[in-house]
There are 2 protein chains.
Amino acid sequence: MKPLYHPAVEDVTVEGILYALSNPVRVQILKEIMRSNSPKSCSDFLSLPDRVIPKSTLSQHFKILREAGLIRSERKGVSMRNTPRCQELRPRFGRLIGEILAAYAEEYSAVAGADSPES
Amino acid sequence: MKPLYHPAVEDVTVEGILYALSNPVRVQILKEIMRSNSPKSCSDFLSLPDRVIPKSTLSQHFKILREAGLIRSERKGVSMRNTPRCQELRPRFGRLIGEILAAYAEEYSAVAGADSPES
DNA sequence: ATCGATAGTTCATAAAAGCGGGACTAGCGA
DNA sequence: TCGCTAGTCCCGCTTTTATGAACTATCGAT
């Protein structure tokens, strides 16, 4: 089976990160993967708080996050284990990713419980 | 003549900013506009350090930066005066924009004098 | 005023990217 | 082996992007 491509940290680009995170669905996915203590599978996101996403579209979103260097995906049995790579990227990009996610959190806070049910 | 659209600060979105800055040409434009003490016209960028950009393409890039809220464009006689809006955005987005530009600066530093003829 | 030059926008078209349904592949458990 | 589940791939459709060409607006000179 075709191996999944993961760029080396030094091949990750700012451009790629910004592009990947310029889509709110991908941001929700990344945030959830980061928040969760255990790896998330793709199908955990078939329905987000606000919408349903077709499998093929979701697969594409994961590919973009993966190839931007933001997540690592490992096949595990029938499904996939997705984990964040933010830790790895920090030495190279510093606060960049954190600032982006924080900015989204701000923006969404008044809109919907997009990802903070905080109940 | 059609007036130029500039979003109010509260209508600026993280998504729009990230998207606008996920293109290296637009990043170079913004950085130069920020560095310069006087407003820059669009045609100042017809040829960047590394490539030549058609007028129509450039016009589109400016529109995207403008509508993302990153720059302000005022018609001044025959040309345009473009100035950054980062100052205005800081209360809302904090370090976001600065971090993005800093990350690009890092990345480019080994590649080319992308935008620092600083002569 | 009119002409000509310059700065940008708009239009048309072709290339590329995105979305999503459906078929396909891989691993797991009867 | 069959059936189920998780993802990927392929294809058609729509949207976006890039760019040359035509158009609009303003300035300066005559």
Side-chain angles (χ1 to χ4, degrees), chain A residues 1-6 13 15-30 32-33 36 38-48 50-68 70-83, chain B residues 1-6 13 15-30 32-33 36 38-48 50-68 70-83:
Chain A
M1 192 160 188
K2 189 199 278 187
L4 300 169
Y5 171 68
H6 292 86
T13 66
E15 181 179 339
I17 290 175
L18 295 195
Y19 177 72
L21 297 183
S22 71
N23 178 307
V25 169
R26 289 192 291 263
V27 172
Q28 286 184 58
I29 292 172
L30 179 62
E32 181 55 28
I33 288 177
S36 173
S38 50
K40 306 295 282 183
S41 70
C42 299
S43 56
D44 286 339
F45 300 91
L46 281 172
S47 73
L48 291 176
D50 49 341
R51 56 162 126 167
V52 167
I53 316 239
K55 270 201 311 182
S56 54
T57 303
L58 204 52
S59 179
Q60 181 63 10
H61 283 317
F62 272 89
K63 184 181 179 190
I64 290 172
L65 286 170
R66 185 165 58 236
E67 301 194 345
L70 290 165
I71 63 173
R72 181 175 302 285
S73 310
E74 301 166 279
R75 294 188 205 282
K76 168 75 182 192
V78 71
S79 70
M80 197 92 99
R81 298 164 72 81
N82 292 286
T83 48
Chain B
M1 194 162 188
K2 188 200 279 189
L4 301 168
Y5 172 68
H6 293 86
T13 65
E15 181 178 339
I17 290 175
L18 295 195
Y19 176 71
L21 297 183
S22 72
N23 177 307
V25 169
R26 291 193 289 263
V27 172
Q28 286 185 58
I29 291 173
L30 179 62
E32 180 55 29
I33 287 177
S36 173
S38 50
K40 306 295 284 183
S41 70
C42 299
S43 56
D44 285 340
F45 300 91
L46 281 172
S47 73
L48 290 176
D50 48 342
R51 55 163 126 166
V52 167
I53 316 238
K55 271 199 311 180
S56 54
T57 303
L58 205 52
S59 179
Q60 182 63 11
H61 282 317
F62 273 89
K63 184 180 179 191
I64 289 172
L65 286 170
R66 185 165 57 237
E67 301 193 345
L70 291 164
I71 63 173
R72 182 175 300 285
S73 310
E74 302 167 279
R75 291 187 207 284
K76 168 76 183 194
V78 72
S79 69
M80 198 91 100
R81 298 164 73 82
N82 292 288
T83 48

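Chain naming here is simple, since letters A, B, ... match the order of the sequence lines and numbering starts at 1 in each. Given the structure is predicted, the values throughout are model-derived calculations rather than measurements.
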- Note on the structure: Value for NZ (B:K40) from CG (B:L30), rounded to nearest 0.5 Å, stands at 13.0 Å
- Side-chain contact check for A:S59: nearest option of C:dT9, C:dT6, D:dT8 is D:dT8
- Calculate the interatomic distance between A:L46 atom CG and C:dC19 atom P; express it in whole Å. 15 Å
- Listed nucleotide nearest any side-chain atom of A:K55, set D:dA6, C:dC19, C:dG8: D:dA6
- Rounded to whole angstrom units, what separation is found between the CD1 atom of B:I64 and the C1' atom of C:dT9? 14 Å
- Look only at the side chain of B:R81 and the backbone of B:P39, and say whether a donor-acceptor pair between them is shorter than 3.5 Å. no
- Between NE2 of B:H61 and P of D:dA18 the distance, given in whole Å, is 5 Å
- Testing C:dG22, C:dT10, D:dA18 for proximity to the side chain of B:S56, the answer is C:dT10
- Atom CZ of B:R81 to atom C1' of D:dA25: distance rounded to whole Å? 18 Å
- Over all heavy atoms of both residues, which pair between A:I29 and A:H61 is shortest? Give the atoms and the distance, please. CD1-CB, 4.2 Å
- Task: Would you mind classifying the nucleic acid contact of A:T57 as base, sugar-phosphate or nothing, using non-hydrogen atoms under 4.0 angstrom?
- Result: base
- Query: Rounded to the nearest Å, what distance is computed from the CZ atom of residue A:R75 to the C1' atom of nucleotide D:dA6?
  - Reply: 10 Å
- Message: Quick check against the 3.5 Å criterion: does A:T13 have a side-chain atom that pairs as donor or acceptor with the backbone of A:G16?
- Response: yes
- Task: Would you mind reading off the distance between A:K63 atom NZ and C:dG20 atom P, rounded to a whole angstrom?
- Result: 17 Å
- Closest to the A:V78 side chain, choosing from D:dG7, D:dT5, D:dT19: D:dT5
- Item | Any side-chain heavy-atom pair of B:L4 and B:M80 under 4.5 Å | yes
- Item | d(CG, B:L58; P, C:dT6) in whole Å | 17 Å
- Message: On the nucleotide C:dG8, are OP1 or OP2 found under 4.0 Å from the side-chain N or O atoms that B:S43 carries?
- Response: yes
- What is the distance from CD of A:Q60 to C1' of D:dC11, rounded to the nearest Å? 14 Å
- DNA chain C: 5'-proximal contact among A:G77 and A:R26 (nearest heavy atom): A:R26
